Structures are given as C-alpha cells and as structure tokens.
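Here is the structure we will look at, set down as structure tokens.
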Amino acid sequence: MQFFGGSDISPLPPPPTASGNNAHMMYVFNRNGVCLLYREWNRSLRTLNAQQDHKLMFGLLFSLKSLTAKMDPTSVEKGNLGVPQLTGQGCSFHSFRTNTYRLSFMESPSGIKIILVTHPRTGDLRESLKYIYNLYVEYVVKNPLYSPGMPIRSELFNMTLDQYVRGLG
Amino acid sequence: MPPAAPRSGDAIFANVERVNAELFTLTYGAIVRQLLTDLEEVEEVNKQLDQMGYNIGIRLIDEFLAKSNVSRCVDFKETAEAIAKVGFKMFLGVTASVTNWDADGTSCSLVLEDNPLVDFVELPDTCQGLYYCNILSGVVRGALEMVSMKTEVTWIRDMLRGDDAYELQVKLLKQVPEEYPYKDDE
C-alpha cells in the first residue's frame, strides 16, 4: 500500500487469502478505557447499548490479561491477583476462540488495544493487528487535528481499514 | 507465526521518509524565534518548548512502537538504551550514548555528540537562560509517560552554553501501573 510520500507502511501486510466479509467487528481502546473506534461489519445480535458494550469488552480484556498473567506457569513473580500490572508486564494473551467467533487482541506498550472479532477459522492475526496499529499511527496519530484520547473520526482511516479487513483470510 | 524481531535504528531510519536537514533546523529555529518574540521571557519560552515537546512525545511513542517492534522493556536500563539507540536514530538520525547510571538504576544521562537542531545557532547575550533544545526534553518525558513511566528530564550540558556535548538527564520518578478505569457502580 502506498501512502502520501511513497513510503511503505511497515511491516507489509500479509497477502489477502480470501475475499468477503470475514470480520464481524473491531474495537480500538486507549489506556484509559476510552473506546476510540468501533467498526461493525457483520454483527447480527446486539444486546447492550454501545457504551455498555464497550465497557464490557474493555472489562473482559482487562480481566483476561490479569488472569492470564497470574496463571503463567513460567513467570517468577508472585503478585496477587487484582494488583494492577504495568502495561505490558507479564505474558500477553493474543486471542481466544469460541465455536462461533475468534477474538484477536493486541496491546501496544502505550496502552492502545486493538480487538478484532472474526469467524472462528481465522488463523493467527497478530501480524494483521500490527499492520492495523501502523495504520492507526499513520492516519490518526500523525493527524494534527486529532486530539489523543478522543474517539477517532477519520474517513480516510475508516476507508483504509475497511479495505484491509475485507482482505483478511 | 512468532512476532517479528525488533528492528535496529539504522534499518528504520533507512526506511522512513526523510526531510531536508536544513529545512528541519531552520523550521525549529523559526519556532524558537517566534516564541521569544511572543513570550519575551526566556523561562516562559523554556516552559513552552517543553510543553510542545510533551505534546509531540505522546504521539511519537505510538509511531516509535509501531515502526521499531521493540517489545516491552524489562527495566529502565533497557528503556534508556532503546531511546538512545533506536529512538534518537529513527527521528533525528543521530545516536545518543547512555552514561552516568546512578546506584539504583533510576537515573541516567543521554549524551548527544551531534544535534541537528542546533546547526548554525549561537545564543545571543539576551537569551542566556534559554534551553534551545528544550523540546527534546519534553518529547522524552511525554513519550515515557505514555508507557507508564513518570520521569523528570533536564539538561545537564548544553553546547550552546559553552559545554562540550549535549547531555540530557532522565530520572525515573515512578512507574504507574494500569488501573481499571471504570468505577464499579457505573
């Protein structure tokens, strides 16, 4: 993909393996729990209003991160469950799968969390999530009119994101 | 697929878009001049430069993390090395060296031999208290704050004031762990 000056976004995205809407929805949170972006492509059931849905998702991931770090058999720390962790300390979980969907998660050390919910046969999306993080940097962070911590309202970002996600296998 | 290895500062610097160094230096110089004209007080200008640097730093950190693939630093020593070798190289094209560690490893100095911001610059007598590169201290402070580290960044040596190098002292005040942001009753 080529951008403004001709520089490539790095790393290069994995080549699209299938076309069509494999992704259901996507969330981007910052370290304070603010939902910066929510995109929906294919979601038939919505039980909560938007705010509660975001809080639920954020809470779920926060707890999962905490639990997975504490249950780590290779870790040498003896922290108690519930003690706040430094962003990025300990092991980091990256996805879980149910019989109807797969949730892939990536957290940057700066606390930006990217969540992508896709159909269950999707493979490891870590590289794709990194690519999306790069897109976030290029289109959102570098935009001087965007205030950090506010929800993202960038048509260009949404468009590029949609295009990329449609190509995911 | 295992995550990609961290990239070196040189590799990233070779891949990013670059701007003419003189344009960069002259633009920065214009900013400082304008601040001096608007604010008149040298202390105010120092503070404003630091604030501007802070605003840059809170955004720069994401670009740094995205491009460099650096994994979470285990301790402050690693952080300082990452800033000096990868960060400065990526954004300014120069590497810094890390020296002067204190006993508990919470304070160190980043020494810059070469500083693109100060080409052609000489401080006149009216601006003797000015920290011309104060934007850099703001950038480091802002970026580290976004990775949960509260720091204090000050200039120890400044070539524009007659010293032989640029030395920035970075002191870790505390690490702020992530807290659940929502109150339970909401």
Side-chain angles (χ1 to χ4, degrees), chain A residues 3-11 14 29-34 51-52 54-56 58-59 62-63 65-66 79 82-90 92 94 106-112 123-128 130-138 140-144 146-149, chain B residues 1-7 11-19 52 54-76 78-79 82-83 87 90-91 142-150 172 174-186:
Chain A
F3 290 92
F4 319 99
S7 65
D8 285 325
I9 292 283
S10 61
F29 289 101
N30 75 354
R31 61 214 310 251
N32 297 323
V34 175
Q51 249 220 338
Q52 287 176 320
H54 299 158
K55 272 169 68 167
L56 181 64
F58 186 82
F62 192 85
S63 311
K65 262 193 318 160
S66 186
V83 168
Q85 289 246 296
L86 295 177
T87 320
Q89 226 183 28
S92 52
H94 56 86
M106 183 198 97
E107 185 182 16
S108 80
S110 57
I112 300 293
D124 187 355
L125 283 179
R126 273 183 284 185
E127 288 304 309
S128 308
K130 280 193 110 78
Y131 184 76
I132 294 178
Y133 184 49
N134 273 295
L135 284 183
Y136 164 76
V137 163
E138 291 295 320
V140 176
V141 171
K142 286 188 174 178
N143 180 357
Y146 167 72
S147 332
Chain B
M1 194 184 342
R7 304 168 68 187
I12 310 167
F13 187 62
N15 280 333
V16 295
E17 269 181 45
R18 268 160 283 171
V19 73
M52 285 169 64
Y54 179 79
N55 292 334
I56 294 177
I58 60 180
R59 296 177 190 244
L60 206 70
I61 183 68
D62 277 318
E63 186 177 353
F64 173 75
L65 292 169
K67 295 218 160 88
S68 69
N69 261 333
V70 145
S71 58
R72 285 97 187 191
C73 294
V74 170
D75 58 15
F76 192 57
E78 249 188 78
T79 310
I83 300 176
M90 238 172 102
F91 295 111
L144 286 178
E145 189 164 312
M146 296 305 277
V147 283
S148 319
M149 288 184 242
K150 276 207 141 27
L172 176 66
K174 65 177 189 161
Q175 302 234 19
V176 187
E178 200 174 315
E179 295 211 341
Y180 190 64
Y182 305 124
K183 292 199 281 295
D184 281 329
D185 53 5
E186 275 181 353

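Below, chain A is the first sequence line, B the second, and so on; all start at residue 1. All values derive from a computational prediction rather than experimental measurement.
- With a 4.5 Å cut-off on non-hydrogen atoms, A:N143 touches chain B through its backbone but not through its side chain.
- To the nearest 0.5 Å, atom OH of residue A:Y136 and atom CD of residue B:E63 are 12.0 Å apart.
- Nearest approach of A:V137 to B:A66, heavy atoms of both residues: CG2-CB, 3.8 Å.
- Considering all non-hydrogen atoms of both residues, B:D62 and A:S108 come closest at OD1-OG, 4.2 Å.
- Scanning both residues, A:P148 and B:I58, for their nearest heavy atoms gives CG-CD1, 4.1 Å.
- Between A:R31 and B:S148 the shortest heavy-atom distance is NH2-OG, 3.0 Å.
- Of the inter-residue distances, the one linking B:L60 atom CG with A:S110 atom OG reads 11.5 Å to the nearest 0.5 angstrom.
- Scanning both residues, B:K67 and A:N134, for their nearest heavy atoms gives N-OD1, 4.4 Å.
- Summarising the local packing, NZ of A:K142 is surrounded by more than 12 heavy atoms from other residues, nucleotides or ligands at distances under 6.0 Å.
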